[in-house]
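Chain naming here is simple, since letters A, B, ... match the order of the sequence lines and numbering starts at 1 in each. The basis for the numbers below is simple: all heavy atoms, side chains too, and nothing from hydrogens, waters or symmetry mates.
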4 protein chains.
Amino acid sequence: MDKRTQIFAATEQLIATVGLDKVSMQQVATQAHVAAGTIYRYFKDKDDLLRQLSSHLMMQCATHIQQGVKDEPTLKRQFERLWRNTWTMMLQRDHLLLSRDQFDALPRDDQLHAQRERDAFSDLYQVFQEGKQQGVLKPLDDEVLITLGLEPAFCLARKQVRGVITLDSHAIADAIHACWDAISLH
Amino acid sequence: MDKRTQIFAATEQLIATVGLDKVSMQQVATQAHVAAGTIYRYFKDKDDLLRQLSSHLMMQCATHIQQGVKDEPTLKRQFERLWRNTWTMMLQRDHLLLSRDQFDALPRDDQLHAQRERDAFSDLYQVFQEGKQQGVLKPLDDEVLITLGLEPAFCLARKQVRGVITLDSHAIADAIHACWDAISLH
Amino acid sequence: MDKRTQIFAATEQLIATVGLDKVSMQQVATQAHVAAGTIYRYFKDKDDLLRQLSSHLMMQCATHIQQGVKDEPTLKRQFERLWRNTWTMMLQRDHLLLSRDQFDALPRDDQLHAQRERDAFSDLYQVFQEGKQQGVLKPLDDEVLITLGLEPAFCLARKQVRGVITLDSHAIADAIHACWDAISLH
Amino acid sequence: MDKRTQIFAATEQLIATVGLDKVSMQQVATQAHVAAGTIYRYFKDKDDLLRQLSSHLMMQCATHIQQGVKDEPTLKRQFERLWRNTWTMMLQRDHLLLSRDQFDALPRDDQLHAQRERDAFSDLYQVFQEGKQQGVLKPLDDEVLITLGLEPAFCLARKQVRGVITLDSHAIADAIHACWDAISLH
DNA sequence: CATGAATGAGTGTTCATTCAT
DNA sequence: CATGAATGAACACTCATTCAT
């Protein structure tokens with residue numbers, strides 16, 4: 001495993017453990033079994049490390065969420081798949097997405113970033129756009145539709161991770177159904 | 001105005017200006033027209049200050065969100081009121097709630113905190129419980145129902161503040177309608 | 001003795017010992033029996049400390065060099081006094097003036113600095129200006145005249161300190177005489 | 001061009017650009033188109049590099065200052081030549097000689113160094129010794145005589161480079177004349 | 001009670017030097 | 001010989017916290 005990957009892994013783990021803004025470069029170095037100075041061969045500074053990690057994770061996240069969606073036969077099934085992917089991803093990598101807002105708060109080139117994000121989630125956007133074209137989904141703005149349909153998946157998963165709620169598979173099915181009700185025409 | 005309140009006000013303002021994790025005790029002291037040491041008469045340490053501020057803000061938030069809800073004639077209208085209150089509160093006090101996750105990340109006595117939160121939002125919980133009893137809302141767990149119905153208000157408002165979306169009053173009405181679809185039986 | 005003075009003294013001593021650009025803030029703090037952070041209550045940063053010290057020393061230097069000059073009866077005696085003052089000052093505080101160029105190399109507001117320096121050495125400038133008016137000194141630019149008359153005092157003292165030369169009182173008198181020959185009309 | 005020379009050239013250039021104590025070995029390596037480790041094949045450490053460069057420059061300096069001196073017909077003309085050579089050298093290679101004290105501050109074997117320096121400047125010493133033998137110059141110690149006669153050339157040139165003074169050719173001739181007055185019998 | 005000077009451990013970052021390739 | 005990735009001690013500077021006044 002190369003040093004860059006080690007550093008990424010160490011940073012990811014530390015963010016999970018102590019929280020994004022408590023992570024020190026020394027900690028990262030120790031965790032990555034690397035000297036402090038070595039980090040600076042791979043990343044300009046701490047900001048650069050965090051920004052690149054954020055990008056990296058966003059891509060992984062996109063991959064996970066959109067996995068297998070295109071294979072689903074119907075739009076509703078595609079939506080369900082997106083929802084379930086979101087849920088499982090959050091449960092697995094909870095630590096990182098707990099810090100989502102902190103990542104968002106990092107200074108970055110927003111113009112560029114927004115474009116990349118859109119590209120990475122193009123399958124997702126496509127599902128919602130098709131839904132509108134077919135008259136299955138409500139004719140709302142893309143972002144609104146996605147927020148209504150999938151954001152609850154994030155929020156519920158977060159609460160599940162924190163132990164506020166404990167959903168079984170029936171409850172999940174119900175939640176998905178409810179979200180579908182929110183976005184579909186009927 | 002007593003010192004404790006001054007310190008709260010100063011901290012809140014600084015969080016809005018420079019961001020939660022850039023606030024230093026010295027800055028707070030200066031802004032509050034108080035000596036650095038004085039803060040420690042009222043708060044055990046920085047964490048305690050932030051935790052108490054968080055609690056304080058949560059109460060204000062509860063007040064704002066639940067304002068006038070009981071005066072609404074029907075359950076649907078009560079829900080709509082909750083949703084709109086959430087939306088406007090976020091737009092007004094955006095700076096603080098952008099940092100919601102950072103507040104959440106503060107170490108705290110979760111047991112106690114959860115109880116207090118529940119108490120503060122009792123009107124809100126009551127609306128959803130009544131809705132279930134009357135057979136108007138889906139028979140889901142309280143937390144799930146609230147997440148489905150109101151969390152999109154937080155998320156959409158956040159995006160509005162960030163400039164990702166720009167919703168007019170029609171779009172807001174549509175969003176509320178969609179959330180109602182998510183939680184109501186039909 | 002107040003902290004500011006302690007820090008000045010410590011810095012001066014360290015410069016003498018290890019050289020201007022090897023001095024670390026930690027060393028200064030230790031030598032001054034002060035915590036590292038304390039320095040920053042009195043000086044904005046390292047540059048500020050060095051610049052203020054430089055100013056401070058320049059003033060002391062001016063005082064020493066011009067001491068008793070006005071009491072001398074004749075212009076030649078005044079010049080001799082300036083020369084001897086320069087010589088003895090260098091021998092006493094050699095360490096600092098060995099670093100003269102390094103001090104000069106510090107970034108500073110040159111406009112302001114040049115003015116202050118001129119003010120501090122006004123007696124010295126006056127001697128040379130009067131000399132020209134009386135037709136005793138050559139009609140050269142002030143700076144040139146001072147360089148010709150007194151810079152050798154600095155250079156010789158430096159060499160004396162370094163052990164390159166060892167001048168007795170006769171040799172010093174000769175050197176002063178030679179410098180007078182350089183600047184006087186004859 | 002061999003690596004050793006490349007490294008010398010790179011170091012000299014960097015000192016001129018960024019100043020002696022801001023030069024890093026990595027910069028030198030890059031500028032010299034050489035790997036960082038390679039420098040250590042030719043120089044024991046950074047100090048050694050700088051010390052050797054200093055020696056190297058001293059030799060060049062000697063060459064420049066003594067250039068054409070022997071061709072001058074009279075002692076006074078020889079002196080004038082030395083003075084003018086000093087002046088022009090300083091204006092051309094100002095960057096390096098501005099750092100003269102910093103070079104001097106480098107730890108070195110002074111015994112050996114002093115001898116080498118004397119050898120390199122043998123023509124110069126010879127001029128002054130002959131002057132004394134011929135009864136043209138004052139019977140002072142060599143070092144003193146040289147200091148009185150030539151050090152002002154360094155000092156004035158330095159001030160010229162720094163913009164403190166601006167001497168035209170007449171002023172230079174005057175300065176040379178004054179220096180001659182300082183060292184010559186009359 | 002209130003103050004604010006003082007502390008010192010901790011931060012992000014640099015850089016001379018080494019050594020496996 | 002030459003390389004350049006890796007090192008880790010050192011740097012300037014910050015800031016939560018304490019305590020004598």
Side-chain angles (χ1 to χ4, degrees), chain A residues 2-4 6-7 21-30 32-50, chain B residues 2-4 6-7 11 21-30 32-50, chain C residues 2-4 6-7 18 21-30 32-50, chain D residues 2-4 6-7 11 18 21-30 32-50:
Chain A
D2 75 334
K3 296 266 193 294
R4 201 185 131 92
Q6 279 171 241
I7 294 167
D21 47 68
K22 303 280 180 48
V23 174
S24 81
M25 295 305 259
Q26 196 49 247
Q27 280 177 314
V28 171
T30 305
H33 302 294
V34 146
T38 303
I39 300 175
Y40 292 84
R41 290 201 67 73
Y42 296 90
F43 304 95
K44 198 182 144 294
D45 54 20
K46 192 181 184 178
D47 238 52
D48 188 43
L49 166 59
L50 293 177
Chain B
D2 74 333
K3 300 251 198 295
R4 202 184 128 91
Q6 278 170 243
I7 294 167
T11 311
D21 48 72
K22 303 282 180 49
V23 174
S24 79
M25 295 303 260
Q26 195 49 246
Q27 276 178 306
V28 171
T30 305
H33 302 295
V34 146
T38 304
I39 300 176
Y40 291 83
R41 297 242 155 245
Y42 298 89
F43 305 94
K44 192 180 149 292
D45 56 20
K46 191 180 185 180
D47 245 45
D48 186 44
L49 165 59
L50 292 177
Chain C
D2 75 334
K3 296 267 193 295
R4 200 185 131 93
Q6 278 171 242
I7 293 166
V18 302
D21 46 66
K22 303 280 179 51
V23 174
S24 82
M25 294 305 258
Q26 196 49 247
Q27 279 178 314
V28 171
T30 305
H33 301 295
V34 145
T38 303
I39 301 175
Y40 293 86
R41 290 201 66 73
Y42 297 90
F43 304 95
K44 197 181 145 296
D45 55 20
K46 191 180 185 179
D47 238 51
D48 187 45
L49 166 59
L50 293 177
Chain D
D2 74 335
K3 300 250 198 294
R4 201 185 129 91
Q6 279 170 242
I7 293 167
T11 311
V18 301
D21 47 72
K22 304 281 179 49
V23 174
S24 79
M25 296 301 262
Q26 194 50 248
Q27 275 179 306
V28 171
T30 306
H33 302 295
V34 147
T38 304
I39 300 176
Y40 292 83
R41 295 242 155 246
Y42 297 90
F43 305 93
K44 192 180 148 293
D45 56 21
K46 191 180 185 179
D47 245 46
D48 187 44
L49 165 59
L50 292 177

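In this structure, the side-chain contact (heavy atoms from CB on, under 4.5 Å) partners of B:T30, at least two apart in sequence or on a different chain, are B:Q26. Under the rule for a side-chain hydrogen bond (donor to acceptor under 3.5 Å, both in side chains), the partners of D:R4 that lie at least two apart in sequence or sit in another chain are D:Q52. Listed by chain and number, the residues in a ring pair (Phe, Tyr, Trp, His ring centres under 6.0 Å) with B:F43 are B:F8 (sequence neighbours excluded). With sequence neighbours left out, the side-chain contact (heavy atoms from CB on, under 4.5 Å) criterion links D:A32 to D:Q6, D:I7, D:A10, D:V34.
Between D:Q6 atom CD and F:dA2 atom C1' the separation is 12 Å, expressed in whole Å. Atom CZ in D:R4 sits roughly 14 Å away from atom P in F:dA2 (whole-Å rounding). One interatomic measurement links the two molecules: CD of D:Q27 to P of F:dG4, which rounds to 17 Å at whole-angstrom precision. C:I39 has its CD1 atom 12 Å from the C1' atom of E:dG8, to the nearest Å. The NZ-P distance, from C:K3 to E:dG4, rounds to 17 Å in whole Å. Counting to the nearest Å, the C1' atom of E:dT14 and the CG atom of D:D21 are 15 Å from each other. Atom-to-atom, CZ of C:F43 to P of F:dT14 comes out at 15 Å; the value is rounded to the nearest Å.
Here the closest non-hydrogen pair linking B:A35 and B:A29 is C-CB, 3.9 Å. Counting all heavy atoms, side chain and backbone alike, D:Q27 lies closest to D:K22 at OE1-O, 3.2 Å.
Rounding to the nearest 0.5 angstrom, the gap separating the OG1 atom in C:T38 from the NZ atom in C:K3 is 7.0 Å.
For the pair B:L50/B:T11, a side-chain contact is recorded, criterion being any heavy-atom separation below 4.5 Å from C-beta on.
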Below 3.5 Å between N/O atoms, which protein atoms pair up with nucleotides 15-17 of chain E? Just atom names and distances, please.
residue : atom : partner : partner atom : Å
E:dA16  : OP1  : D:K46   : NZ           : 2.8
E:dA16  : OP2  : D:M25   : N            : 2.5
E:dT17  : OP2  : D:Y40   : OH           : 3.2
E:dT17  : OP2  : D:K46   : N            : 3.0

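A donor-acceptor pair under 3.5 Å is absent between the side-chain atoms of D:K44 and the main chain of D:L49, judged by distance alone.
Picking from E:dA6, F:dG4, E:dT3 the nucleotide with the shortest atom distance to the side chain of B:A35 gives E:dT3.
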* Secondary structure string for DNA chain E (Watson-Crick or G-U under 3.5 angstrom, | for other-strand pairs) -> .||||||||||||||||||||
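Using a 4.0 Å heavy-atom criterion, one finds that B:Y42 contacts the sugar-phosphate atoms exclusively.
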